[in-house]
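Here the structure comes first, spelled out in structure tokens, and everything after it is commentary.
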Amino acid sequence: MQTSPLLVVDGANVVGSRPNGWWRDRAGAAARLRDALVPLAERGVPPELAPPVEVVLVVEGAARDVPGVPGVRVVSAPRSGDDTIVELVAAAPDRRRVVVTADRELRARVAALGAEVHGPRWLRPAAG
């Protein structure tokens, strides 16, 4: 059994939460988010999420080809990013699961599976 918490980040939703021109380069914006998440694997998100943390970034659409890096596993959603996130949460019932998204429907779906849910702003102090 995996004991470290699983942090699943809804890439499209978190990238879209900042009006910084992300729509001009969706893959680049997802890569920048991925890179900002790297330190969380070792540092966690103090004080709520103690390290070590398995960090998973779910990407879709134009960001689908963004690769993973040490510290952040990138999962390309074959269809819906929301469905992929729900599948990841459902596949780890014995772990603490934390999902970062502002999507209300997704929040309800993963909470029903026992995951904790935070909005994109929760990451900002930790992930820049």
Side-chain angles (χ1 to χ4, degrees):
M1 177 173 95
Q2 177 73 273
T3 57
S4 64
L6 174 65
L7 175 63
V8 181
V9 179
D10 180 351
N13 188 269
V14 172
V15 164
S17 72
R18 291 184 180 184
N20 61 5
W22 59 264
W23 51 89
R24 291 187 294 267
D25 180 11
R26 294 171 192 257
R32 287 187 295 279
L33 173 59
R34 176 206 58 205
D35 295 347
L37 295 172
V38 169
L40 303 185
E42 290 184 16
R43 189 174 65 217
V45 182
E48 294 95 347
L49 191 60
V53 177
E54 180 184 359
V55 180
V56 178
L57 174 63
V58 176
V59 295
E60 59 186 297
R64 187 171 285 133
D65 294 329
V66 171
V69 295
V72 179
R73 177 167 55 112
V74 176
V75 175
S76 293
R79 293 170 302 284
S80 160
D82 291 2
D83 290 345
T84 299
I85 291 168
V86 170
E87 290 167 8
L88 288 166
V89 168
D94 297 329
R95 295 176 70 181
R96 180 177 179 196
R97 296 146 306 155
V98 179
V99 175
V100 177
T101 186
D103 181 302
R104 287 184 184 156
E105 182 181 331
L106 177 58
R107 291 172 73 94
R109 290 174 67 191
V110 297
L113 294 171
E116 300 167 40
V117 184
H118 294 280
R121 280 184 267 165
W122 182 74
L123 285 177
R124 287 196 180 141

**Heavy atoms of other groups near E48 CD, more than 12 under 6.0 Å** =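 Atom CD in E48 is packed in, count exceeds 12.
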
Over all atoms of both residues, closest heavy-atom pair of [X] and [Y]:
| X | Y | value |
| --- | --- | --- |
| A27 | V66 | O-CG2, 3.5 Å |
| L33 | V9 | CD2-CG1, 4.2 Å |
| G71 | V55 | O-CB, 3.6 Å |
| P5 | A50 | CG-O, 3.9 Å |
| A92 | L6 | CB-CD2, 4.1 Å |
| V74 | G68 | CG2-CA, 3.5 Å |

Taking the side chain from [X] and the backbone from [Y], do they hold a donor-acceptor pair closer than 3.5 Å?
| X | Y | result |
| --- | --- | --- |
| R34 | P67 | yes |
| R32 | G28 | yes |
| R97 | V110 | no |

**Asked** Excluding sequence neighbours, so at least two apart, what forms side-chain contact (heavy atoms from CB on, under 4.5 Å) with A102?
**Response**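 A102 satisfies side-chain contact (heavy atoms from CB on, under 4.5 Å) with N13, P120 once adjacent residues are dropped.
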
**Prompt:** Honestly curious: do V98 and L113 fall in one hydrophobic cluster under the side-chain, below-4.5 Å linking rule?
**Reply:**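 Each belongs to a different hydrophobic cluster.
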
**Residues forming a salt bridge (charged side-chain N to carboxylate O under 4.0 Å, His left out) with E116, sequence neighbours excluded** =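 Only R96 meet the salt bridge (charged side-chain N to carboxylate O under 4.0 Å, His left out) criterion with E116.
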
**Request:** With sequence neighbours excluded, tell me which residues meet salt bridge (charged side-chain N to carboxylate O under 4.0 Å, His left out) with D65.
**Result:**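 Not a single residue meets the salt bridge (charged side-chain N to carboxylate O under 4.0 Å, His left out) criterion with D65.
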
**Request:** Could you note down all residue pairs passing ring pair (Phe, Tyr, Trp, His ring centres under 6.0 Å) where residues 81-118 supplies at least one of them, sequence neighbours left out?
**Result:**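 Sorted result for residues 81-118: H118-W122.
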
**Prompt:** Hey, what do you get for CD (E54) to CG (L88), rounding to the nearest 0.5 Å?
**Reply:**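 One finds 9.0 Å between CD of E54 and CG of L88.
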
**Item:** Distance in Å, L123 CG paired with L49 CG, rounded so as to fall on 0.5 Å steps
**Value:**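 Reported to 0.5 Å precision, the distance equals 9.5 Å.
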
**Message:** Quick check: do V100 and V14 have side-chain heavy atoms less than 4.5 Å from each other?
**Reply:**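 With C-beta onward as the side chain, the pair touches.
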
**Request:** Would you mind telling me which of L106, V99, V117 makes a side-chain contact (heavy atoms from CB on, under 4.5 Å) with V89?
**Result:**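 Output: one option passes, namely V99.
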
**Request:** Only pairs at least two apart or in different chains count here, so list each side-chain hydrogen bond (donor to acceptor under 3.5 Å, both in side chains) that has a residue in residues 77-88.
**Result:**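 Residue pairs with at least one partner in residues 77-88: D83-R109.
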
Atom pairs and distances, donor-acceptor, side-chain atoms in residues 56-64, under 3.5 Å, two or more places apart:
from	atom 1	to	atom 2	distance (Å)
R64	NE	A77	O	3.0
R64	NH2	A77	O	3.1

